[in-house]
Amino acid sequence: MKELDWANLPFGYMKTDYNVRIYYRNEQWGELETCSEETIPMHMAATCLHYGQEAFEGLKAFRGKDGKVRIFRLEENAARLQSTCRGILMPELPTERFKEAVLKVVRLNERFIPPYESGASLYIRPLLIGTGAQVGVRPANEYLFVIFVTPVGPYFKGGFSTNPYVIIREFDRAAPLGTGTYKVGGNYAASLRANKKAHDLGYACEFYLDAKEKKYIDECGAANFFGIKNNTYITPKSTSILPSITNKSLMQLAEDLGMKVERRPIPEEELLTFEEAGACGTAAVISPIERIDDVENGKSYVISKDGKPGPVCTKLYNKLRAIQYGDEPDTHGWVTIVE
């Protein structure tokens with residue numbers, strides 16, 4: 001293949017050599033299959049198409065200075081997929097099978113793993129869909145698990161820099177006792193209008209308040225929110241937020257740095273008191289927040305006075321990246337090295 005411009009990769013899809021697949025039929029998972037075809041043959045009555053029986057994950061592989069390839073928090077992604085399966089009645093893929101598939105697809109596409117210090121990584125997308133034909137609203141009897149990979153650059157064009165967000169009240173991403181805690185495609189479909197509105201208004205992303213009372217901080221687009229003040233890392237506790245593996249990791253790192261960690265409801269007006277804040281997720285790691293505008297109420301919560309990432313966000317970001325790339329010890333056993 002022609003040499004890729006690693007430093008200028010978009011966060012998008014690029015064809016790689018292989019994907020891997022496991023079929024679920026007759027109440028059991030089959031063998032791991034390797035495939036070079038990008039399409040999926042599917043029955044027109046498949047439950048994923050009609051009733052949203054679909055789940056996905058996102059994780060990354062990084063090439064270190066030592067040449068080794070590291071996958072970040074593979075078991076956590078397996079566990080979250082299993083949680084989603086329980087939530088929308090799909091068969092759970094055992095952690096060992098998930099791990100086998102991830103390692104296989106990364107090895108098969110090794111030439112697409114960006115070099116160390118390119119700012120790029122290999123994005124890994126596991127997908128589980130109901131493929132059994134069904135007209136009544138009930139779970140499928142057949143499923144397909146597939147993983148593809150693609151090399152990606154930073155999620156936001158500016159990389160690690162502050163972004164403005166806007167509170168959108170007229171749309172909800174997920175209901176308090178709905179599917180918000182599961183990684184299903186429907187949650188993202190529900191966010192498209194709010195996301196478009198935010199972009200049309202010139203913001204990086206939309207910012208959601210809780211669906212029930214519109215009083216508390218929920219999520220920033222498809223990412224979790226955290227705020228920093230008084231040496232404390234504060235992140236919302238809610239029954240409609242996807243449990244971010246990045247956020248979970250940052251909470252641990254904050255504790256390692258001697259900070260307190262609080263998970264609790266955060267009222268909108270508390271935004272005024274944060275010294276720093278960020279959106280966090282696999283794609284962007286941390287996107288520091290410059291300000292959050294509440295256009296509807298004529299308010300603006302300025303968090304970064306100089307428009308630059310704050311010291312705590314910077315320290316957490318650098319620490320997490322250093323573990324992902326193998327530059328610092330993996331004391332929590334988060335990294336799987338691809339042999």
Side-chain angles (χ1 to χ4, degrees), residues 72-73 76 79-80 83 160 162-163 165 167 172-178 180-183 187 205-294 299-305 308-323 331-334:
F72 189 66
R73 305 212 74 171
E76 280 290 330
R80 189 168 65 179
S83 168
F160 185 66
T162 59
N163 286 293
Y165 287 73
I167 291 172
D172 292 321
R173 189 192 68 90
L177 298 176
T181 54
Y182 308 124
K183 200 164 175 67
N187 296 341
C205 225
E206 75 278 19
F207 202 90
Y208 296 100
L209 300 177
D210 74 288
K212 191 175 181 181
E213 296 184 86
K214 298 288 186 192
K215 283 183 184 174
Y216 300 98
I217 302 309
D218 221 46
E219 287 206 317
C220 327
N224 277 193
F225 170 84
F226 68 88
I228 306 288
K229 67 175 176 181
N230 306 327
N231 198 41
T232 306
Y233 182 105
I234 304 164
T235 193
K237 187 174 177 64
S238 160
T239 54
S240 61
I241 292 175
L242 181 76
S244 159
I245 292 163
T246 305
N247 196 8
K248 191 174 181 178
S249 307
L250 292 172
M251 284 188 253
Q252 180 62 62
L253 294 181
E255 282 187 357
D256 293 351
L257 293 169
M259 297 176 71
K260 290 200 293 262
V261 172
E262 292 179 5
R263 284 189 68 218
R264 58 171 173 79
I266 302 171
E268 182 192 332
E269 53 273 19
E270 192 176 348
L271 290 172
L272 279 171
T273 68
F274 287 120
E275 297 151 20
E276 300 178 43
C280 60
T282 298
V285 185
I286 293 176
S287 172
I289 295 171
E290 180 189 351
R291 69 178 198 278
I292 299 166
D293 291 346
D294 185 350
K299 293 178 183 172
S300 183
Y301 304 98
V302 178
I303 291 164
S304 172
K305 307 291 188 283
K308 293 176 182 163
V312 177
C313 280
T314 303
K315 199 180 285 185
L316 288 170
Y317 176 81
N318 289 338
K319 183 85 176 165
L320 189 66
R321 299 271 289 171
I323 294 168
T331 56
H332 297 292
W334 289 345

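For the numbers below, each heavy atom of this structure counts, side chains included, while hydrogens, waters and symmetry mates do not.
Side-chain atoms of R291 do not come within 3.5 Å of backbone N or O of S300 as any donor-acceptor pair. Between the side chain of N163 and the main chain of C205, no donor-acceptor pair closer than 3.5 Å is present. Distance alone, capped at 3.5 Å, is enough to place a donor-acceptor pair between the T246 side chain and the T282 backbone. Distance alone, capped at 3.5 Å, places no donor-acceptor pair between the E276 side chain and the S304 backbone. With hydrogens and angles ignored, the 3.5 Å screen pairs no side-chain donor or acceptor of T232 with any backbone N or O of K260.
When only modelled atom types and interatomic distance are considered, D210 and S240 share no side-chain donor-acceptor pair under 3.5 Å.
Nearest heavy atom pair, residue T181 against residue L242, reads O-CD1, 3.6 Å. Pairing each heavy atom of A254 with each of V261, the nearest pair is CB-CG2, 4.1 Å. The nearest pair of heavy atoms linking Y182 to S83 is CE2-O, 3.5 Å. For the residue pair K212 and P176, the shortest heavy atom distance occurs at CB-CG, 4.1 Å. When all heavy atoms of P236 and I241 are compared, the pair lying nearest together is CB-CD1, 3.7 Å. Counting all heavy atoms, side chain and backbone alike, N187 lies closest to A174 at OD1-CB, 4.5 Å.
Side-chain atoms of E219 and N224, non-hydrogen and from C-beta on, do get closer than 4.5 Å to each other. I286 places a side-chain heavy atom less than 4.5 Å from the side chain of F226. By the 4.5 Å heavy-atom criterion applied to side chains, K299 and L271 are not counted as neighbours. In this structure, the side chains of S249 and F72 come closer than 4.5 Å at one or more pairs of heavy atoms. For the pair H332/I323, no side-chain contact is recorded, criterion being any heavy-atom separation below 4.5 Å from C-beta on. In this structure the side chain of W334 reaches within 4.5 angstrom of the side chain of Q252, judged on heavy atoms. Counting heavy atoms from C-beta outward, L209 and Y216 have side chains that stay 4.5 Å or more apart. Within the 4.5 Å cutoff, side-chain heavy atoms of F207 are placed close to those of I217.
Separating the CG atom in L257 from the CG atom in L316 is a distance of 6.0 Å, to the nearest 0.5 Å. Interatomic distance, CD1 of I245 versus CG of L250, reported as 12.0 Å (0.5 Å rounding). Atom CD1 of residue I167 and atom CD of residue E206 lie 12.0 Å apart, to the nearest 0.5 angstrom. With rounding to the nearest 0.5 angstrom, the CE atom of M259 is 12.0 Å from the NZ atom of K229. Atom-to-atom distance recorded for E275:CD and C313:SG is 11.0 Å, nearest 0.5 angstrom. Atom CZ of R264 is separated from atom CD of E270 by 4.0 Å, given to the nearest 0.5 angstrom.
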I'd like to know whether D172 forms a salt bridge (charged side-chain N to carboxylate O under 4.0 Å, His left out) with K214, so could you lay out the CA-CA distance, the side-chain angles of the two residues, the decisive distance to 0.1 Å, and finally the verdict. CA-CA 10 Å; D172 292 321; K214 298 288 186 192; 2.4 Å; yes

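When the shell of 6.0 Å around NZ of K237 is examined, it contains 12 or fewer heavy atoms from other residues, nucleotides or ligands.
Across E262, M251, E255, a single residue satisfies side-chain contact (heavy atoms from CB on, under 4.5 Å) together with Y233, and that is M251.
Centroid-to-centroid, the aromatic rings of Y301 and F274 stay 6.0 Å apart or farther.
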